Structure formats: C-alpha cells, structure tokens
Asker: 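Quick one: the structure is below, and I'll ask about it shortly.
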There are 4 protein chains.
Amino acid sequence: MARDATGGTGSGEQGARPAPAGAVPERLLAEATRLFAERGYDRTSVQEIVAAAGVTKGALYHYFGAKDDLLHEIYGRVLRLQTERLEAIASSAAPVEERLAEAAADVVVTSIENLDDTKIFFLSMHHLGPDQQKAVRAERRRYHERFRGLIEEGQRAGRFRPEASADLVADFFFGSVHHLGTWYRADGPLSARQVAAEFSDLLLHSVRLP
Amino acid sequence: MARDATGGTGSGEQGARPAPAGAVPERLLAEATRLFAERGYDRTSVQEIVAAAGVTKGALYHYFGAKDDLLHEIYGRVLRLQTERLEAIASSAAPVEERLAEAAADVVVTSIENLDDTKIFFLSMHHLGPDQQKAVRAERRRYHERFRGLIEEGQRAGRFRPEASADLVADFFFGSVHHLGTWYRADGPLSARQVAAEFSDLLLHSVRLP
Amino acid sequence: MARDATGGTGSGEQGARPAPAGAVPERLLAEATRLFAERGYDRTSVQEIVAAAGVTKGALYHYFGAKDDLLHEIYGRVLRLQTERLEAIASSAAPVEERLAEAAADVVVTSIENLDDTKIFFLSMHHLGPDQQKAVRAERRRYHERFRGLIEEGQRAGRFRPEASADLVADFFFGSVHHLGTWYRADGPLSARQVAAEFSDLLLHSVRLP
Amino acid sequence: MARDATGGTGSGEQGARPAPAGAVPERLLAEATRLFAERGYDRTSVQEIVAAAGVTKGALYHYFGAKDDLLHEIYGRVLRLQTERLEAIASSAAPVEERLAEAAADVVVTSIENLDDTKIFFLSMHHLGPDQQKAVRAERRRYHERFRGLIEEGQRAGRFRPEASADLVADFFFGSVHHLGTWYRADGPLSARQVAAEFSDLLLHSVRLP
DNA sequence: GATGAATGAGACTTCATTCAT
DNA sequence: AATGAATGAAGTCTCATTCAT
C-alpha cells in the first residue's frame with residue numbers, strides 16, 4: 001500500500017520497461033497506436049497497452065472511458081491532419097494539375113509518415129460503435145469529396161479526360177493510398193517522397209488528356 | 001429460464017434459420033464468410049456461425065480443427081480462383097496491352113463477385129497463425145509477380161512507359177482493387193463490369209506511352 | 001423448495017467440495033439463494049456461487065445469461081408458489097373469516113419455510129433490470145389484490161370493520177410478513193406454525209367487528 | 001477526452017445540479033441519502049455522490065473515512081430521532097392505550113417524513129462492518145424493547161389481550177412500518193397522518209380487549 | 001457423424017481509496 | 001480545506017475448445 005519512493009515500475013505484472021516519457025494520455029495513445037498497428041485492435045489487450053505505457057489500467061480508464069475511445073482518438077488525429085493539409089493544398093492558386101499532383105503526393109507522404117494510423121484505420125473500423133463509425137465515415141466522405149472536386153475542376157478546365165468518372169478515380173486512388181500499410185516498409189528501398197512522386201505521376205497520367 | 005438458452009434436449013434455438021441447403025462443411029464456410037465480412041473475424045463467435053449454418057459446435061469441430069481453419073480455407077478458395085484466372089489470361093496469345101487490360105478487368109470482376117472474401121482478406125489476415133500467414137503472403141506474392149511480369153513485358157515491348165516502376169504500379173493497382181470492399185455496393189449504380197472497365201482503363205492510361 | 005440438506009459444512013472456497021448432488025442448474029440456484037440471503041446479492045460474487053456449487057463460471061453462464069437471471073429465477077419460484085397457494089385457499093368454500101385466517105397463516109408458514117427467498121426478495125429487487133422489476137411488481141400486485149379482495153368480501157358480508165381501508169390493511173399485514181426475514185430464526189423458540197397462528201390472529205382482531 | 005469526465009475545475013458537468021446549499025458534510029450526507037434510497041448503497045458510486053454534492057472525492061474523504069461511514073451516519077441520525085421521540089411519548093402521563101396509539105402513529109409519521117432513511121435502513125444493513133452492524137442492532141433492540149414495554153404495561157393494566165405475545169406484536173407492527181418504503185408514495189392519495197391513524201388503529205384493535 | 005454441457009483462461013471495466021500538491 | 005491523477009484488486013462476462021455419450 002505504501003508506495004515505493006523509487007517510482008520505478010515496481011508494481012506487478014510488467015517487466016523492465018523503458019519508462020516512456022511524456023504525459024500519461026499521450027503515452028497511452030502512442031503505445032496503443034503502435035500495438036494496434038502491429039497486431040490489430042482485438043489482439044491487443046488493455047493490459048498490454050498499459051504495461052507498454054508504464055501505467056496501470058486504472059490510469060487508462062481515468063482518461064479514456066473505454067478501449068474503443070483510444071481508437072476513436074487515433075482516428076480523429078489522422079483525419080484532422082489530412083483534412084487540414086488537403087484544404088490548404090486544394091485552395092492554393094496553382095493550376096489544377098499541380099494542385100491535384102501535390103494533393104496526391106501529400107496524402108501519400110503523410111500516410112507513410114503515420115503508417116501506423118493508416119493501418120489501423122482500415123483494419124479496425126468495425127470495432128467502433130455505430131455512431132462513432134458514422135462520424136468517421138462522414139469525415140472521410142468530406143475528404144473524398146474535396147479531392148474529387150479537384151478532378152472535376154480539371155475536367156471542366158479541359159485538362160483531364162472528360163469520360164473518366166471523378167468519383168471512381170478518387171476511389172481508385174485512395175485504395176492505393178490506404179493499402180500502403182500492407183506493403184510499404186520504412187526500412188525498404190523507397191523513400192516516402194519517391195512513392196509519393198510515382199503515385200502522383202500514375203494518377204496524373206491516368207486522368208490527363210494525352 | 002436461461003437467457004441464452006443453449007439448452008433443452010436438442011430442440012433449442014432454431015429461430016430464423018434460412019433453411020440452409022447443401023453439405024455441412026460448405027454451409028459452415030458460406031455462413032462464416034458472410035459473418036466474417038459483416039462484422040469481422042473476432043466479432044463473430046463460433047456459436048453464431050454454427051447457429052447460422054443450422055448445426056452445433058460439435059459438427060464444426062468435426063470438420064474444422066479450429067476457428068481459424070475456416071479463415072484459412074476461405075483464403076485458399078479465393079486465392080486459387082484468382083491465380084487460375086490470371087494464369088489463363090496472361091498466357092494467352094493476345095498483345096500485351098490487351099492481356100493486361102483483361103487481367104485488370106478480371107480481377108475487379110472476381111473481387112466484386114466475391115466481395116465478402118475480398119473484405120475478409122485484408123481485415124483478418126492477422127488472425128492467422130504465423131505459418132499460415134506466411135503461406136498466404138507467398139501465394140499472394142506469386143500472383144503479384146505474375147501481374148508485374150505483364151507490365152514489364154509491355155515495357156520491354158516498348159508499349160508502356162519505361163520510367164514507371166512495375167512493382168509500384170502493381171501495388172498501386174492492387175490497392176485499388178483490394179479496397180473495393182470498403183465502398184462498392186451491389187445495389188449501387190455501378191455494375192461489376194462497369195467498374196472493371198473503368199479501373200482497367202485507368203491502369204492502362206497510367207502506364208501506356210502517349 | 002425445501003433446501004437440500006447436502007450442503008452443510010462448506011466453508012472452504014474451492015477444491016475439495018462436498019460435491020453437492022443434483023443437476024447443475026438446480027445446484028447453482030440453491031447455492032445462490034443461500035448466499036444471497038446470507039450476505040446480499042451484491043456482496044456475493046459469481047465466483048463464490050460457482051465454487052459453492054462445485055462448478056466453474058462457464059457452467060453458470062451456460063445456463064444463465066447473467067448474474068441477475070439467478071435472482072429473477074429465485075423470484076419467479078417463490079412468486080409462483082405463493083400465488084398458487086393463495087388462489088387455492090381464497091377460492092375454497094369456507095366462510096370468509098376462515099379463508100382470510102388461513103391465507104394469512106399460510107403466507108407466514110411458506111415465508112418461513114422459504115426464509116432465504118423472502119429475505120432476498122426485498123433486499124435485492126433493485127438489482128433487477130427495469131423490465132424484470134416491472135414484471136415482478138406486477139405479479140406481486142396481483143397477489144396483493146387477491147388478498148385485499150378477501151378483506152373487502154368480509155366487509156361486504158358485514159363481518160369486518162367497514163371503516164378500515166382494505167388496501168392499507170393488506171399493506172400493513174404484508175409488511176409484517178416480509179420482515180420475518182429480519183428477525184425470525186429457525187433455531188429460535190417459535191415454530192413457523194406458532195408465528196403463523198399469532199400473526200393470523202392479530203390480523204383478524206384488527207379487522208373483525210367487535 | 002475522458003468519457004466519464006470527473007471534471008475540470010468545477011465547471012464541468014453541472015447539468016441538473018440543484019445548487020446545493022449548506023455546509024459540505026451536510027450536503028454530502030443529504031445527497032448520499034437520496035442516492036442510496038434511489039438505487040441502493042452498492043449501486044451508488046462515491047463519484048456520483050460527490051458530483052451530486054458539487055464537490056470532489058478529496059473533500060468527501062476529508063470528512064468521512066470511508067464510504068460506509070456515510071451509511072453509519074445516516075443510520076445514527078434516524079435512530080437518534082426515533083429513540084428520542086419514543087422516549088418522550090412513552091414516558092408521558094397519558095393512559096397506556098393513548099401512549100401506545102401515539103407512539104405507533106408517531107413512528108409512522110417520522111418514517112414517512114424520512115422515507116429515504118427508512119428505505120436505506122433495511123436495504124443496506126449488510127454493507128456495514130460487523131461491529132457497526134452489531135451497534136445498530138443493539139440500538140434497534142432498545143427501541144423495540146421500549147415499545148414492547150408499552151404493550152406489556154397495557155396487558156398488566158388489563159387493557160390489552162393477555163394471550164398476545166408482546167414481542168411478536170412489536171415485530172408484527174414494526175414490519176408494517178419498515179415496509180412503508182416499498183409502497184408509500186409522497187405524491188399518492190394518502191397523507192402521512194392518514195396512514196399513521198390507520199396503522200395505529202389497526203394495532204390498537206389487534207391488541208385491545210374487545 | 002454429431003451433440004451440448006462444461007471448462008478455464010482471459011477480456012474489459014469499475015471503484016473505493018490514497019497522496020503529492 | 002480541497003484536488004484529481006493514479007492505484008490495484010475485484011468484478012462480470014465471453015468464448016474457443018474438449019469430451020463423454
């Protein structure tokens with residue numbers, strides 16, 4: 001009962017932890033993200049998360065009402081980030097081709113830089129409650145529509161093939177992006193920027209008028 | 001009495017059984033596929049599967065050694081199907097552009113026709129044991145390489161842009177295909193063939209020399 | 001209803017149990033009844049119940065969907081018993097005074113013979129879900145009304161004091177009965193029949209015309 | 001962030017806070033009484049009590065050593081009140097019949113006026129520690145004996161039926177009183193005084209010589 | 001071939017309580 | 001006098017799997 005002044009991990013069940021730094025909620029989110037990406041939401045127990053963060057279960061439930069609140073928070077983080085960036089790029093003054101190319105490259109780069117979030121996003125959506133799922137889908141939908149708008153703009157401007165369905169092109173491209181998590185390796189031969197450049201190039205070639 | 005009455009003398013819990021036809025193992029696989037796609041592997045209990053198939057747990061364990069054997073079997077089914085078809089198309093005598101276009105369209109059509117399998121494939125891989133996972137990845141890899149071979153062939157033949165990385169193009173395209181499960185709806189406005197035609201078209205535009 | 005005399009000794013929590021006889025669901029109900037009466041619903045853990053019954057938690061949840069299903073079942077048992085007996089007595093051909101006296105004595109005797117159920121009834125109602133609670137109250141209400149009917153019949157027949165509120169008399173008497181659990185001891189000086197005779201006598205004196 | 005916001009600086013989650021007035025310990029006791037009566041001791045968390053009282057947990061533990069100290073204090077309050085009043089009534093100079101009638105009516109009135117305490121008394125006794133329980137029972141016993149004394153006095157004085165067991169009569173009557181909490185409603189048709197008059201009347205009829 | 005009662009481990013969550021501030 | 005982050009133990013329930021029949 002009297003707590004050890006050592007402040008070490010001392011309490012039961014965890015081993016020698018590197019005692020991660022930072023505030024508790026942030027540590028919990030960081031470890032949860034890592035673990036969810038590594039082995040999936042359902043194969044990660046709350047116990048593993050708190051052990052990795054160097055706290056106890058009570059601490060987690062002090063900050064998060066339930067395990068899936070962690071998921072929700074992780075989703076919110078990446079959605080906010082990507083939405084903001086797309087908004088900035090899409091509303092710049094550059095020609096539409098350049099804006100589309102940059103938006104495409106950017107979503108690839110941020111997806112790779114936050115590859116854990118990207119993986120989790122598509123692996124674990126079904127673990128959210130119906131309302132949370134609806135909210136995430138709605139936000140995702142807005143993102144999709146903003147991106148599609150760029151394609152339509154290019155078609156109206158006579159730069160992109162008019163017979164392509166803008167909606168389908170967006171789904172086509174985002175499928176590629178969302179699957180980065182299944183094959184991209186940070187320690188592989190390709191940098192994030194290289195992949196971004198190639199993906200962006202492929203997209204532009206697929207819609208541009210010859 | 002019991003809320004979740006498994007009970008009684010064997011007359012229990014029929015309920016909304018859709019009178020499943022066919023042999024028991026096939027019924028089990030069919031219902032498992034439907035349920036895994038609908039709510040994920042881990043959110044589907046063995047009890048739900050056997051109830052949907054109209055049998056009892058003992059029957060399931062008579063045919064399958066464990067729950068993840070169902071998953072493994074589902075994976076095997078779709079992998080065999082797609083590998084066979086790709087093989088047939090790629091080795092035909094048509095020009096390489098036509099063969100790539102047809103292969104691309106075909107994988108879209110079969111993915112949509114087996115949309116449940118497609119969904120499960122990427123949602124639930126981490127539930128397989130390490131060995132099974134390795135086996136699936138290896139098979140997937142062969143498929144990937146056969147497809148990439150077509151692109152390289154087209155490049156050597158001077159029909160496709162030589163600067164594109166064939167590997168990356170394949171990952172780009174398969175990402176799009178694998179994500180069909182997240183947005184395609186059978187009751188939506190697009191037929192499988194329409195999506196296939198457009199996706200194939202986008203791929204060809206993205207690699208063909210102008 | 002009469003309690004299994006098997007139990008007895010069991011002070012240990014697990015391991016070498018006296019292996020209570022009978023079917024598993026009945027054993028679980030019997031032990032749950034004993035423990036709930038002894039220390040209250042909430043101070044009794046599922047673990048304690050299954051240990052007393054000599055089975056595991058899984059077995060309990062095989063038969064009962066939740067802990068409070070045990071409570072519901074216990075309630076149902078005693079309600080059915082008392083309702084049946086009151087019905088039989090009230091509809092006999094004896095004079096109304098005799099029928100009321102017998103009904104009063106009978107509810108005392110059965111309450112004492114099932115003293116654990118009686119205790120639980122009033123201690124733990126708030127642990128039922130809203131719907132179950134409503135069902136129990138409705139059944140209890142029917143019982144109350146049948147009993148009150150006897151008093152009203154006696155008033156109409158000119159045998160009981162007309163100024164007494166039959167409703168209030170019923171509540172008055174049942175209060176006494178329901179509180180038997182707080183003071184009656186099987187090993188005390190009074191037999192169930194003695195208490196029944198006195199309570200019945202007090203009730204009759206309180207309503208009879210002088 | 002946290003679903004169950006324990007709340008920021010005091011601006012969080014007011015909602016339906018009835019702007020509690022008075023000193024902190026009194027507010028805590030008042031809210032605890034209300035909540036215990038409404039949903040039971042064990043279904044009421046310390047967090048709910050402090051939220052209702054508009055303070056934090058630290059404040060509660062500053063004034064009360066433990067959760068069940070609240071219960072003990074509530075018990076003490078109602079026991080003191082009823083003991084004092086009985087003492088005053090029983091030792092007056094009126095004839096014994098009048099004193100018994102008045103004591104009976106008074107305990108009904110004070111029970112109804114403090115209906116929450118009455119409910120808690122019998123619902124939550126088993127949450128006290130053994131010593132506290134013993135103390136409460138002893139105090140209760142004294143009350144019972146004082147009341148029984150009135151009945152015996154009336155029997156000796158030749159006003160009450162000598163064959164009735166005074167002890168049993170007291171248990172009979174207090175059962176009725178203690179169960180008021182299960183059926184009496186402040187917004188119902190009966191005033192506290194009406195119930196008191198009828199109960200007192202029933203008691204007197206049940207013991208008085210014809 | 002098939003049953004379903006029973007297991008046992010582990011999951012998420014709650015909560016009274018403590019203590020540095 | 002009061003805070004609220006953090007603890008740690010205990011709670012209820014789920015579920016894949018086994019085995020005697």
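Proteins get letters first, then strands, A, B, ... in listed order; numbering begins at 1 in each. The shown structure was predicted, so the numbers you read here are calculated from the model rather than taken from an experiment.
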Asker: Would you compute the distance between atom CD of D/Glu73 and atom CG of D/Leu71 and round it to the nearest 0.5 angstrom?
Answerer: 10.5 Å
Asker: Distance check, rounded to the nearest 0.5 Å: D/Ile74 atom CD1 versus D/Asp116 atom CG?
Answerer: 9.0 Å
Asker: Residues of residues 56-73 of chain B with any non-hydrogen atom less than 4.0 angstrom from an atom of DNA chain F: list those, numerically ordered, please.
Answerer: B/Lys57, B/Tyr61, B/Ala66, B/Lys67
Asker: Any heavy-atom pair between the side chains of D/Val55 and D/Val50 that's under 4.5 Å?
Answerer: yes
Asker: Do any N or O atoms from the side chain of D/Glu31 and from the backbone of D/Ile49 form a donor-acceptor pair under 3.5 angstrom?
Answerer: no
Asker: Here's a test for you: under ring-ring contact (aromatic ring centres under 6.0 Å, His included), which of C/Phe122, C/Tyr41, C/Phe121, C/Tyr75 qualifies with C/His127?
Answerer: C/Tyr41
Asker: Does the side chain of A/His126 reach to within under 4.5 Å of the side chain of B/Arg39, using non-hydrogen atoms?
Answerer: no
Asker: Measuring from B/Asp117:CG to B/Lys119:NZ, what's the distance to the nearest 0.5 Å?
Answerer: 11.0 Å
Asker: Would you kindly give the NE2-to-P distance between C/His127 and F/dG11, to the nearest whole Å?
Answerer: 14 Å
Asker: For D/Tyr41 and E/dT14, give me the distance from atom OH to atom P, rounded to whole Å.
Answerer: 19 Å
Asker: Rounded to whole Å, please give me the gap between CZ in A/Arg39 and P in E/dA11.
Answerer: 11 Å
Asker: For DNA chain E, which consecutive runs of 3 or more Watson-Crick or G-U pairs (each distance under 3.5 Å) count as stems?
Answerer: E:2-21 with F:2-21
Asker: Here's a test of your reading of the structure: between B/Val46 and C/Arg43, which maps to the more 5' nucleotide of DNA chain F?
Answerer: C/Arg43
Asker: Starting at CG of A/Asp42 and ending at C1' of F/dA16, how long is that distance when rounded to a whole Å?
Answerer: 14 Å
Asker: Out of curiosity, B/Leu28 CG to B/Asp69 CG, how far, rounded to the nearest 0.5 Å?
Answerer: 12.0 Å
Asker: CD of C/Gln47 versus P of F/dA9: gap in Å, rounded?
Answerer: 17 Å
Asker: Round to the nearest Å and state the distance from C/Ile49 atom CD1 to F/dG11 atom P.
Answerer: 11 Å
